Amino acid sequence: MSNVSQDYHLLAATKYSPRANGKAKASPVSMDIEQIFGENTFGLDEMKARLPKSAYKSLLATIQKGEPLKPEIADSVALAMKEWAIEKGASHYTHWFQPLTGSTAEKHDSFITPNKGGGAIAEFSGKELIQGEPDASSFPSGGLRATFEARGYTAWDPTSPAFIVENENGSYLSIPTAFASWTGEALDTKIPLLRAIDALNEQGVRVLKLFGVKGATRVAATVGTEQEYFLIDEEFYYRRPDLATCGRTLIGAKPPKGQELDDHYFGSIPERVLACMLEAERELYRLGIPIKTRHNEVAPGQYEIAPIYEEANVAVDHQQLVMLTLQQVARRYGLVCLLHEKPFAGVNGSGKHNNWSMGTDSMNLLDPSDNPHDNMQFLFFCAAVLRAVYKHQDLLRLSVASAGNDHRLGANEAPPAILSVFLGEQLQDVFSQLAEGSANSSKQGGLLGLGVTTLPHLPRHAGDRNRTSPFAFTGNKFEFRAVASNQSVALPNTILALIVAESLDVMATMLEEELAGKKKSKKGFEDAVGAVLTTISKEVQPIIFNGDGYSDEWHEEAEKRGLLNLKTTPDALASFISEKNVKLFEAYKVLSERELESRHEVMMEQYFTAINIEAETLEMMARTMVLPAAVTYLNDLLSALDDAGDIKLTGIKKTAEKVAGLINDLCEGIDHLNKENQDAKETLEANVDHMKDEVIPAMLEVRAAADKLEGCVPFKLWPLPTYREMLFVK
C-alpha cells in the first residue's frame with residue numbers, strides 16, 4: 001500500500017502566508033468602522049437620502065412602530081433601492097428567504113429588460129419588490145405542498161434591510177423576504193417569528209399600560225447571538241469524507257492532548273485565524289452587523305464571534321449572514337469553518353448562546369436596577385419569563401432539537417437537556433421572598449478588593465454566572481445556552497416571544513382581576529402587583545436552580561421537581577403537536593395546527609435523514625479506508641513473523657493478534673451497521689425511533705473498533721487526518 005498520508009500535515013502547516021485575495025500583504029489594512037459600517041446595506045440613512053419624504057415617513061413607521069406597510073410607496077422604494085444597488089455594481093436582485101431547511105435560499109433575477117430598439121434598460125418595480133415567486137416544490141414542507149404544486153410566494157419584509165452581496169465578478173441586491181404557499185401557509189421560519197413578535201408586542205404594551213407607562217406603543221424582543229465555530233485547514237477537510245458529507249467526524253481517536261490544559265481558551269489568536277477573523281468582521285460591518293467580540297473558545301481550534309443586540313427579526317437574519325460570511329471568508333485563508341454542534345468527540349461542542357431581552361425604544365424591561373425588590377415592573381416582566389420557561393419547557397427543548405445537538409447537550413460546557421433557570425444569588429433571594437409574600441431587600445455585591453494598591457476596586461455583582469445552566473439571567477437579559485451552533489435562531493426566538501407573550505397575557509389578566517377588587521390608588525396597585533407576583537413566584541420555584549446542572553444530584557432533584565428531561569430529539573419533537581401546544585400556537589395566531597404538523601414532520605425527516613447519511617458515510621469509510629489500512633498493517637506484521645526464522649517475535653505476534661481481533665470487531669460492526677441501517681420501517685416515527693435505538697449504537701460499535709485501530713496502525717498507513725493534526729495545525 002502506498003503512503004496515503006503524502007505529508008499533507010506538513011503541507012497544511014507550512015503553506016499559509018499572509019495575503020489579501022490571494023496576494024501578499026505588505027502592511028495591515030486599516031478598518032475605519034464608522035466609515036464602512038452598513039455601506040452595503042440599504043438602511044435608514046440611504047432611505048432618507050433617496051426616498052420622497054412621505055414615502056420615507058411611511059416606511060419608517062412600518063419599521064419602527066410596526067404599522068402596516070402602505071402598498072402605494074412600493075414603486076418609490078423599488079426605484080431608490082434599484083438605483084442604490086446599481087451604483088454598488090449589482091446587476092441582479094434576489095428575494096432572500098429562509099425555508100424549513102434551516103438555511104437560506106435565493107433565486108436571482110436580472111434588472112435588465114430588453115427594449116424595442118434592441119437595447120436594454122434596468123427596471124425594478126414595486127410589484128417585483130413586494131412579491132416574488134420562487135419554485136416551492138422542492139423545499140421541505142411537511143405535507144403543506146405536494147411535489148407537483150410548485151407555486152410559492154416571497155413577500156418583502158421591510159423591517160429587515162436589503163443588502164448587497166459581492167463577488168469578485170459582480171454583485172447582487174438581496175432583499176429579505178417571507179416565504180408562503182399559494183394558500184398562504186407559512187413555508188419558512190420568518191413568518192411565525194414575525195407573528196410571535198406581534199403577540200409579544202401586544203401583550204407587552206398591555207402590561208405597560210396597566211403600569212401607567214405613557215407613550216409606550218411598542219414592545220420588541222431583542223437578541224444578541226454568540227456564535228461558536230471551529231476552523232481547520234482545508235487540506236484536512238477534503239481528506240475527511242465524514243466532515244465533507246456530515247459536518248462532523250464519525251471516526252477519530254482522542255489525541256494525547258485535547259483541551260485539558262485550558263491553554264487555548266482566551267489565548268493569543270493564531271495569525272492566520274486572526275487574519276480570517278478580521279476580514280470576516282470587515283465584511284459583516286459593511287453589512288451593518290454590529291460585531292462586538294472575538295476570542296479563542298475552550299476546545300483547540302474553536303473560536304467565537306458575537307454581536308451587539310438587535311431587534312429579533314433583524315438579529316435572526318444577521319445571524320444567518322454571520323454563518324455564511326464565516327464559511328466564505330475562511331476559504332480565502334485555506335481554512336474551513338465547521339458549524340456542526342459536535343465536529344470532534346471528546347472536546348467541547350459548539351453552541352450559539354441566544355441572549356434575549358425585551359424592551360421599548362427607551363427602556364430594557366429586564367433591567368433590574370440596583371434594587372430589584374423595589375422595581376415592580378422589572379419583577380413582573382421577569383416573572384413572566386420564569387413562568388414561560390416553567391410552563392413550556394417542552395417547547396424550548398424542541399426548539400433546539402436536532403441529531404447534532406443530541407451529541408452536545410449535557411457535557412463539555414453545554415447545558416443539560418433539562419430546562420432550568422439560573423437567576424443568581426440576588427434575584428433568587430428576591431423571588432424566594434416574593435413566594436413567601438413580599439420582597440423587602442436585595443443582596444448587594446459591593447466592591448471587590450484585589451489586595452494590590454495599584455489595582456482598582458471592582459464592582460462585585462450580586463450573583464455569579466453559571467455555565468451549566470441552559471437558561472441564565474446575566475444582568476439585563478436571559479441567555480438561552482442550549483441553541484446549536486449551526487441552526488437558525490428563528491425557531492428558538494419564535495418560541496421565546498410566544499411563550500413570554502402568553503405569560504404576560506395570563507399575568508395581565510390576573511392583575512386586572514386584582515385591580516378590579518381594590519381601590520384605584522398607588523397602594524392598591526402595588527398590592528395587586530404584589531399578589532400576582534407572589535402567586536407566580538410560588539408556581540415557578542421548581543424551575544429556578546443556581547447549582548451544578550451537570551451533577552447526578554441535580555438530575556435526581558429535577559425529577560423530583562417534575563421537570564422534563566427530554567434527552568433526545570425524538571423525545572422532544574412529540575411536544576410540537578401536543579394538544580396544549582396546538583392551542584397555544586393557534587391562540588396567538590403564530591402557527592396553525594396544520595403548520596405545526598408540517599414542522600413536526602420536517603424535523604423528524606431531518607433527524608432520520610441526518611443519521612441515515614452518517615451511517616452510510618461511516619460504513620463506506622470503514623470498509624474502504626480503515627479496513628484496507630488495517631489489513632495492510634496486519635499483512636506487514638504477518639510477513640515479519642514469517643521471515644523471523646529462529647528469532648522470537650513475541651511482541652509482534654501479540655500485536656498481530658490484537659490487530660486481527662480489532663479487524664474482526666470492525667467487520668462485525670460494519671455488518672451490524674449495514675443490517676440496521678437497511679432495516680426500513682413502515683412509518684416515519686418508527687424509522688426515527690429505529691435510528692435512535694439501533695442505528696446510532698451500531699455506529700458507535702464501528703467507531704470504537706476504528707478508533708482502537710487508529711492507535712495501532714502506523715501513521716503512514718492511516719488514511720485519515722487525525723484529531724491531533726486537525727485541532728492543532730493552525
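Since this is a predicted model, take the numbers as computed values, not measurements.
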Visitor: Go through it in stages, so that I can follow the logic: the residues are F163 and L173, the test is side-chain contact (heavy atoms from CB on, under 4.5 Å), and I'd like the CA-CA distance, side-chain angles, deciding distance and then a yes or no.
Guide: CA-CA 6 Å; F163 54 93; L173 171 67; over 6 Å; no
Visitor: Are any side-chain N or O atoms of H95 and backbone N or O atoms of E128, one a donor and one an acceptor, separated by less than 3.5 Å?
Guide: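 Judged by distance alone, yes, a pair lies under 3.5 Å.
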Visitor: Not counting sequence neighbours, list each pair that qualifies as a salt bridge (Lys or Arg N to Asp or Glu O under 4.0 Å) and has a residue in residues 162-179.
Guide: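 For residues 162-179, and leaving out neighbouring residues, the salt bridge (Lys or Arg N to Asp or Glu O under 4.0 Å) pairs sorted by first residue read E166-R286.
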Visitor: Please say which of L491, D188, T189 ends up in a side chain to side chain contact (heavy atoms under 4.5 Å, CB included) with L100.
Guide: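 Option passing the side chain to side chain contact (heavy atoms under 4.5 Å, CB included) with L100: T189.
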Visitor: Looking only at the aromatic ring of each residue, does the gap between the centers of F230 and F344 stay below 6.0 angstrom?
Guide: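 They qualify: ring centres under 6.0 Å apart.
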Visitor: Are there over 12 heavy-atom neighbours, none belonging to E87, within less than 6.0 Å of that residue's CD?
Guide: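 More than 12 heavy atoms, drawn from other residues, nucleotides or ligands, come within 6.0 Å of this atom.
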Visitor: May I ask you to check whether Y153 and F179 place their ring centres under 6.0 Å from each other?
Guide: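 For F179 and Y153, the ring centres are not under 6.0 Å apart.
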Visitor: Under 6.0 Å from the CG atom of D45, do we count more than 12 heavy atoms belonging to anything else shown?
Guide: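 Atom CG in D45 is not packed in, count stays at 12 or less.
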Visitor: For the residue pair A482 and V400, what are the closest heavy atoms and their distance?
Guide: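 Reported closest heavy-atom pair: O-CB, 3.5 Å.
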Visitor: Looking at W156, is its backbone amide N or carbonyl O close enough to the side chain of T177 to form a donor-acceptor pair, meaning the two atoms are under 3.5 Å apart?
Guide: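 Not confirmed, T177 side chain does not pair with W156 backbone.
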Visitor: For F111 and F124, take the angle between the two ring planes, folded into 0 to 90°, and tell me which bin it lands in: parallel under 30, tilted 30 to 60, perpendicular over 60.
Guide: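 F111 vs F124 ring planes: perpendicular.
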Visitor: Please check this pair: side chain of Y93 against backbone of L129, looking for a donor-acceptor N/O pair closer than 3.5 Å.
Guide: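 Here the side-chain-to-backbone pair does not exist.
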Visitor: Which atoms form the tightest heavy-atom contact between I291 and Y285, and what is the distance?
Guide: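 That closest heavy-atom pairing would be O-OH, 3.3 Å.
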Visitor: With R50 as the cation and Y56 as the aromatic partner, state whether NZ or CZ is under 6.0 Å from the six-membered ring centre and within 45° of the axis.
Guide: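 No, R50 and Y56 do not form such a contact.
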Visitor: Measure from the side-chain N and O atoms of Q302 to the backbone N and O of G349, and report whether any donor-acceptor pair falls under 3.5 Å.
Guide: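 Present.
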Visitor: Any heavy-atom pair between the side chains of N296 and P270 that's under 4.5 Å?
Guide: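 With C-beta onward as the side chain, the pair touches.
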Visitor: Can you tell if the side chain of D75 reaches within under 4.5 Å of the side chain of L79, non-hydrogen atoms only?
Guide: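 Counting from C-beta outward, D75 and L79 never come under 4.5 Å.
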Visitor: Could you tell me whether the side chain of S350 and the main chain of L339 form a donor-acceptor pair under 3.5 Å?
Guide: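 A pair under 3.5 Å: no.
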Visitor: Could you check whether R240 pairs with D242 (Lys NZ or Arg NE/NH1/NH2 to Asp/Glu carboxylate O, under 4.0 Å)?
Guide: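 A salt bridge links R240 with D242.
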Visitor: Just by modelled atom types, is the Y229 backbone N or O under 3.5 Å from a matching donor or acceptor in the S485 side chain?
Guide: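 The answer is no, because no donor-acceptor pair under 3.5 Å joins these two groups.
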Visitor: With side chain to side chain donor-acceptor pair (under 3.5 Å) as the criterion, how do T609 and Q606 come out once you've worked through the C-alpha distance, each side chain's angles and the decisive distance to 0.1 Å?
Guide: CA-CA 5 Å; T609 304; Q606 289 171 338; over 6 Å; no
Visitor: Can you tell which of E281, E283, E279, H318 makes a side chain to side chain contact (heavy atoms under 4.5 Å, CB included) with T325?
Guide: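 It is E283, the one option of E281, E283, E279, H318 that forms the side chain to side chain contact (heavy atoms under 4.5 Å, CB included) with T325.
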Visitor: Does any part of the side chain of L250, heavy atoms only, come nearer than 4.5 Å to the side chain of E614, both counted from C-beta?
Guide: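 Yes, at least one pair of side-chain atoms sits under 4.5 Å.
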Visitor: Do Q227 and K352 have side-chain N/O donor and acceptor atoms under 3.5 Å apart?
Guide: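 Short answer, yes.
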Visitor: Any salt bridge between R331 and E234, counting N to O under 4.0 Å?
Guide: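 Salt bridge between R331 and E234, a charged N being under 4.0 Å from a carboxylate O: yes.
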Visitor: Hey, is R248 close enough to E341 for a salt bridge, meaning N to O under 4.0 Å?
Guide: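 Here R248 does not pair with E341 in a salt bridge, since their nearest N and O are not under 4.0 Å apart.
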Visitor: Answer with yes or no whether the side chains of D317 and Q98 bring together a donor and an acceptor at under 3.5 Å.
Guide: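 Present: a donor and an acceptor within the cut-off.
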Visitor: Decide whether E226 and N355 meet the rule of one side-chain donor and one side-chain acceptor closer than 3.5 Å.
Guide: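 Present: a donor and an acceptor within the cut-off.
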Visitor: Which of these passes side chain to side chain contact (heavy atoms under 4.5 Å, CB included) with S58: I63, L51, I73?
Guide: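 When side chain to side chain contact (heavy atoms under 4.5 Å, CB included) is applied between S58 and each of I63, L51, I73, only I73 qualifies.
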Visitor: Charged N to carboxylate O below 4.0 Å: is that the case for D233 and R272?
Guide: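 Salt bridge flag = yes for R272 with D233.
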